Number of protein chains: 2
Amino acid sequence: MGTAKLDEFTVRDNRIARYAKALGHPARVAILKFLITKKNCVCGDIVDVLPLSQSTVSQHLKELKEVGLIQGEIDGKRVCYCIDPKEWELAKRSIADLMDSFVTKGITCC
Amino acid sequence: MGTAKLDEFTVRDNRIARYAKALGHPARVAILKFLITKKNCVCGDIVDVLPLSQSTVSQHLKELKEVGLIQGEIDGKRVCYCIDPKEWELAKRSIADLMDSFVTKGITCC
DNA sequence: AATTATCATCGTATATTTGCGATATTGAAC
DNA sequence: GTTCAATATCGCAAATATACGATGATAATT
């Protein structure tokens, strides 16, 4: 128990869920927003902006990297993060497909 | 510890995170998809479709109801669930705003 | 070579999520 | 009123997530 039964669902549903989960914490949302506004991909400046410790931020960055939404390149002693355009596009479309598939027909419920 | 520091982030970022978190499990994605395709808002049929027990499905429904994405109306001994159009629209726009705010400028990283 | 700066990882504590069976609850059917 | 069917809720166990300080690794600086 305690383990999500991921195998039992479709690849598509899992993909949506995986991306959504990555967006499911305000710190990660803030990190992504920051990476978007700063054209040049900054690194540890993220730590300065967030109300979290360096290790916690690093943890969030790791998660974002694992789902593929961001990339991290080593640049000297710094690490340079940025959005991964392809993966971002895929995430965007996966979630948008779901959200757009609902259209109101005036009927609220039952 | 172990508690997310939600107060430290903006209302907007928290809103995005809250909606995204609700979509962050394939079972909930599947439930939402099911509610979208079935125009008439079915109830316990959801249990038959998912590979989860009744109590677990009920739990997921509760979470979706708590973020507001779905409504549940009691209809006799059954309960009738459906998408909440207004909240859905808000969620859709909140997430889309974030996702659309990134535009590639050809530059991959650094 | 020693020091410093930047970042990742480890270990740990706590909280939350996921899942299920068992047990309410409530309306329908008899 | 008793039984049945549909849901919700409770209580539990296991897995994950969140957060932080301490430590490790590595490159730049001195």
Side-chain angles (χ1 to χ4, degrees), chain A residues 1-9 13-14 17-31 34-35 41-67 70-82 109-110, chain B residues 1-9 13-14 17-31 34-35 41-67 70-82 109-110:
Chain A
M1 289 144 224
T3 326
K5 301 171 88 175
L6 305 180
D7 301 351
E8 312 270 11
F9 298 95
D13 289 355
N14 269 298
R18 229 174 334 106
Y19 287 132
K21 198 173 183 180
L23 302 179
H25 192 291
R28 290 192 290 272
V29 172
I31 288 173
F34 188 74
L35 286 178
C41 2
V42 259
C43 20
D45 300 335
I46 301 172
V47 177
D48 299 339
V49 178
L50 297 189
L52 297 170
S53 75
Q54 180 266 322
S55 60
T56 303
V57 172
S58 191
Q59 180 74 20
H60 283 302
L61 285 168
K62 189 183 171 193
E63 284 179 57
L64 288 172
K65 202 159 52 174
E66 273 169 359
V67 288
I70 68 174
Q71 296 172 330
E73 278 181 18
I74 296 172
D75 169 34
K77 67 178 166 183
R78 313 191 149 202
V79 176
C80 183
Y81 283 104
C82 62
C109 207
C110 308
Chain B
M1 289 144 225
T3 325
K5 301 171 89 177
L6 304 180
D7 301 351
E8 312 271 11
F9 298 95
D13 289 356
N14 269 299
R18 229 174 335 107
Y19 287 132
K21 197 172 181 181
L23 301 180
H25 192 292
R28 290 193 290 272
V29 172
I31 288 173
F34 188 73
L35 286 178
C41 0
V42 259
C43 19
D45 300 335
I46 303 172
V47 177
D48 299 339
V49 179
L50 296 189
L52 298 170
S53 74
Q54 180 266 320
S55 62
T56 303
V57 172
S58 191
Q59 180 74 19
H60 283 302
L61 286 168
K62 190 184 171 191
E63 283 178 59
L64 288 172
K65 202 159 54 174
E66 273 169 1
V67 288
I70 67 174
Q71 297 173 331
E73 277 181 19
I74 296 172
D75 169 32
K77 66 179 167 184
R78 314 190 148 201
V79 175
C80 183
Y81 283 106
C82 62
C109 208
C110 306

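Chain letters run A, B, ... following the sequence lines, proteins first, then strands; residues in each count from 1. As the structure is a computational prediction, the values presented were derived from the model and not from experiment.
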Whole-Å distance, A:Glu63 CD to C:dT17 C1', equals 14 Å
Toward the 5' end of DNA chain D, by each residue's nearest nucleotide, A:Ser53 or A:Ala4: A:Ala4
Rounded to whole Å, please give me the gap between CG in B:Leu52 and C1' in D:dT7. 16 Å
May I have the distance from B:Leu64 (atom CG) to D:dA8 (atom C1'), rounded to whole angstrom? 15 Å
If you compare all heavy atoms of B:Ala22 against all heavy atoms of B:Val67, which two are closest, and at what distance to 0.1 Å? CB-CG2, 3.8 Å
In this structure, how many angstroms lie between the P atom of D:dA17 and the NE2 atom of B:His25, rounded? 11 Å
If you define the side chain from C-beta out and look only at heavy atoms, does anything of B:Tyr19 sit under 4.5 Å from A:Leu23? no
Looking only at atom types and distance, does a side-chain atom of A:Lys5 sit under 3.5 Å from a main-chain N or O of B:Pro51, one as donor and one as acceptor? yes
Taking atom CG of B:Leu6 as the centre, report whether more than 12 heavy atoms of other residues, nucleotides or ligands fall under 6.0 Å from it. yes
Grab the CG-P distance between A:Leu6 and C:dT18 for me, whole Å please. 10 Å
Between B:Asp75 (CG) and D:dA8 (P), how many Å, whole number? 13 Å
Mind calculating the distance between CZ (B:Arg28) and C1' (C:dT17) to the nearest angstrom? 8 Å
Answer yes or no: does a side-chain N or O of B:Lys21 lie under 4.0 Å from OP1 or OP2 of C:dT17? yes
Hey, does B:Ser58 have a side-chain heavy atom less than 4.5 Å from the side chain of B:Gln54? yes
Going 5' to 3' through nucleotides 1-11 of chain C, assign each nucleotide B (protein heavy atom under 4.0 Å from a base atom), S (under 4.0 Å only from sugar-phosphate atoms) or - (no protein heavy atom that close). ----SSBBB--
Evaluate the ring planes of A:His60 and A:His25, with Trp represented by its six-membered ring, and classify them as parallel (under 30°), tilted (30 to 60°) or perpendicular (over 60°). tilted
Can you measure B:His60 atom NE2 to C:dT18 atom C1' for me and round it to whole angstrom units? 6 Å
